[in-house]
There are 2 protein chains.
Amino acid sequence: MNELFRTLHFFTEPGLQQEILEHGKVVSFNKGDVIVRDGQYVKFLPIVIKGAIRVFQQNEDREILLYYVRAEETCTMSLAAAYFDNKSTSHGITIEPTDALIFPASLINEWQLKYPSWNKYILRMFRSRYDELVGSLQRLAFDHIDVRIMEYLKRKGGNRPGKIYLSHQNLADELGTTRVVISRILKQFEKDKKIKQFRGAVELL
Amino acid sequence: MNELFRTLHFFTEPGLQQEILEHGKVVSFNKGDVIVRDGQYVKFLPIVIKGAIRVFQQNEDREILLYYVRAEETCTMSLAAAYFDNKSTSHGITIEPTDALIFPASLINEWQLKYPSWNKYILRMFRSRYDELVGSLQRLAFDHIDVRIMEYLKRKGGNRPGKIYLSHQNLADELGTTRVVISRILKQFEKDKKIKQFRGAVELL
DNA sequence: TTAGCTATGTATCTTTTGATACCGTTTGTA
DNA sequence: TACAAACGGTATCAAAAGATACATAGCTAA
């Protein structure tokens, strides 16, 4: 429960902390669980304590990654959908075992008017999601695919040594390209001793 | 001043309307005026009444368009910067003569806690900026440049007949490509009788 | 062990886009 | 009017990326 308290530190008002503990419920999800589904109304808002939710949109055969919800973060798409009583336009699926604090979306309204730190939290969330997306747009617009792959691997690896588990196909989906292109570039990286490849994983050198 | 009242209708609480009129100031800008500059602290928040502000980021020689602030809208980047007391990371420049309601950014905090309709306005703003950006990302990732040009023209033209005033170079900047590419594709459109070209303008057929 | 699935390697071809260079035309203004 | 700057047309070349096809390797379950 250490992580729970770490998460709570954003919410400086004792009243808010109490409300969160009172109305919130800690739920454990398995890898691959669906948290939100496109077209569904959002009744509950999650704040992730441990793990990660992958949030993405899907049109026809195309898929576009919006963001990952990680520890201490919430899902801005869910928040907005809930707030405006809209159906969700994205999917949210856990990519690893995940614990989240879940509470009724109906509380958002009240909290906004009562707790400044809640507003700060939400606005910071929106802002950083927006910045992330601008970053993606920029990289997509101006960087070549090899740079984008390397950037992605570094970010995913979090600058720590160790294997990063994803297939060429996964990578292609994340970056919006095709498997063949990924294989081609990764092979080149391998020749240049920038990475080591395994079945279903990559290691940065 | 008709437009001013149209803008105000978002703010349903009489108290908020009164505060806006009291603390706000209507300012007229010329085309090309700089509203916010990268690296500058944001002290005032604009709500556009008439006209449009182009908000974009610039790194080295690259430029990336974020959004236009049009009538009844505000600049979410400014808002976030002001709220967190950060310097702006974007530029905002009017692309036509523009009237805006300007008020001290320091009021944001209070209004959030007092007026639900202000919160609603802000969140809707953030949400739609985010959605716009996702759209751009999607088109950039999956559409070919000819489709993107046509989409852009249609949006800019607002499905009305009439000329759309921009040079090939402008278009190239907006779409993150080069002038030659634009000229090439527009020529093709002209051959296919999809558009008519003029110096500094295009007309959809 | 074998069949079947998933993951990866790679060759070939085509398309799209970008880079560069040079041209003529229009427009604004000194 | 003359000159510079902005605008647009076009040719040539190169690079990047996608499409397709097929081969091989590892993993797993019957």
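We name chains A, B, ... by the order of the sequence lines, and we start the count at 1 in each one. All figures in this text were calculated on a predicted structure; none of them were measured in a lab.
- Here the C1' atom of nucleotide D/dG9 and the CZ atom of B/Arg184 are 12 Å apart, to the nearest Å.
- The bend of the helix from C/dT1-D/dA30 to C/dA30-D/dT1, defined by the angle between the axes of its first five and last five pairs, stands at 30° to the nearest 10°.
- Checking A/Thr177, A/Leu175, A/Ile185 one by one against A/Arg148, the side-chain contact (heavy atoms from CB on, under 4.5 Å) holds for a single residue, A/Leu175.
- Using bins of under 30°, 30° to 60° and over 60° for the plane-to-plane angle, the ring pair B/Phe10/B/Tyr121 lands in the tilted bin.
- In this structure, the side chains of B/Ile122 and A/Leu123 come closer than 4.5 Å at one or more pairs of heavy atoms.
- Heavy atoms only, all atoms of each residue included: A/Ile108 and A/Trp118 are closest at O-NE1, 4.0 Å.
- Side-chain atoms of B/Leu171 and B/Leu186, non-hydrogen and from C-beta on, do get closer than 4.5 Å to each other.
- A/Asp131 and A/Ser128 share no donor-acceptor pair across their side chains, judged by distance under 3.5 Å alone.
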Donor-acceptor contacts under 3.5 Å from residues 192-202 of chain A side chains, at least two apart:
unit_1   : atom_1 : unit_2   : atom_2 : d
A/Asp192 : OD1    : A/Gln188 : NE2    : 3.2
A/Gln197 : OE1    : A/His168 : NE2    : 2.8

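- Listed pair A/Thr177 / D/dG18 meets the phosphate criterion, a side-chain N or O lying under 4.0 Å from OP1 or OP2.
- The two residues A/Ser90 and A/Val55 come nearest to each other via the heavy atoms CB-CG1, 3.9 Å.
- Near-neighbour residues of DNA chain C inside residues 164-173 of chain A, defined by a heavy atom below 4.0 Å, number-ordered: A/Ser167, A/His168.
- Ring centers of A/Phe103 and A/Trp111: under 6.0 Å apart, within the cut-off.
- Inspection of the A/Glu19 and A/Tyr115 side chains reveals an N or O donor paired with an N or O acceptor under 3.5 Å.
- Using a 4.0 Å cut-off on heavy atoms, none of the residues of residues 134-141 of chain B approach DNA chain D.
- Listed by first and then second residue, the salt bridge (charged side-chain N to carboxylate O under 4.0 Å, His left out) pairs that reach into residues 165-177 of chain B are B/Arg54-B/Glu174, sequence neighbours excluded.
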Where do B/Ile47 and B/Met125 land on the side-chain contact (heavy atoms from CB on, under 4.5 Å) test, with the steps shown first?
CA-CA 11 Å; B/Ile47 294 182; B/Met125 216 63 251; over 6 Å; no

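- Across the interface with DNA chain D, nearest-nucleotide mapping of A/Ile185 and B/Phe198 shows B/Phe198 to be the residue nearer the 5′ end.
- Sequence neighbours left out, the pairs with a member in residues 77-97 of chain A that pass ring-ring contact (aromatic ring centres under 6.0 Å, His included) are A/Phe56-A/His91.
- Between B/Phe126 and A/Phe126, the ring planes lie tilted relative to each other; the angle falls in the 30° to 60° range.
- With B/Val36 as reference, B/Val42 is the one residue of B/Ile53, B/Val42, B/Leu45 to meet the side-chain contact (heavy atoms from CB on, under 4.5 Å) rule.
- B/Thr94 and B/Asp33 share no side-chain donor-acceptor pair at under 3.5 Å.
- Looking at residues two or more places apart in sequence or on another chain, you find no salt bridge (Lys or Arg N to Asp or Glu O under 4.0 Å) involving B/Asp38.
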Name every donor-acceptor pair, under 3.5 Å, that has one atom in a side chain of residues 135-143 of chain B and the other anywhere in the protein, sequence neighbours excluded.
unit_1   : atom_1 : unit_2   : atom_2 : d
B/Ser136 : OG     : B/Glu132 : O      : 3.3
B/Gln138 : OE1    : A/Asn59  : ND2    : 3.2

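- To the nearest 0.5 Å, atom NE2 of residue B/His9 and atom OG of residue B/Ser117 are 10.5 Å apart.
- Contacts between residues 187-194 of chain A and DNA chain D, defined by a heavy-atom separation under 4.0 Å, are absent.
- In this structure, B/Arg124 does not pair ionically with B/Glu73, as no charged nitrogen and carboxylate oxygen lie closer than 4.0 Å.
- Here chain B contacts DNA chain C (any atom closer than 4.0 Å to a heavy atom, that is under 4.0 Å), and the contacts span C/dT16 to C/dT27 from 5' to 3'.
- If B/Gly200 and A/Gly176 are placed on DNA chain D by their nearest nucleotide, the residue sitting closer to the 5' end is B/Gly200.
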Any chance you could list the contact pattern along nucleotides 23-28 of chain D? Use B for base contacts, S for sugar-phosphate-only contacts and - for none, protein heavy atoms under 4.0 Å, 5' to 3'.
---BS-

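- Contacts between residues 143-152 of chain A and DNA chain D, defined by a heavy-atom separation below 4.0 Å, involve A/His144, A/Ile145, listed by number.
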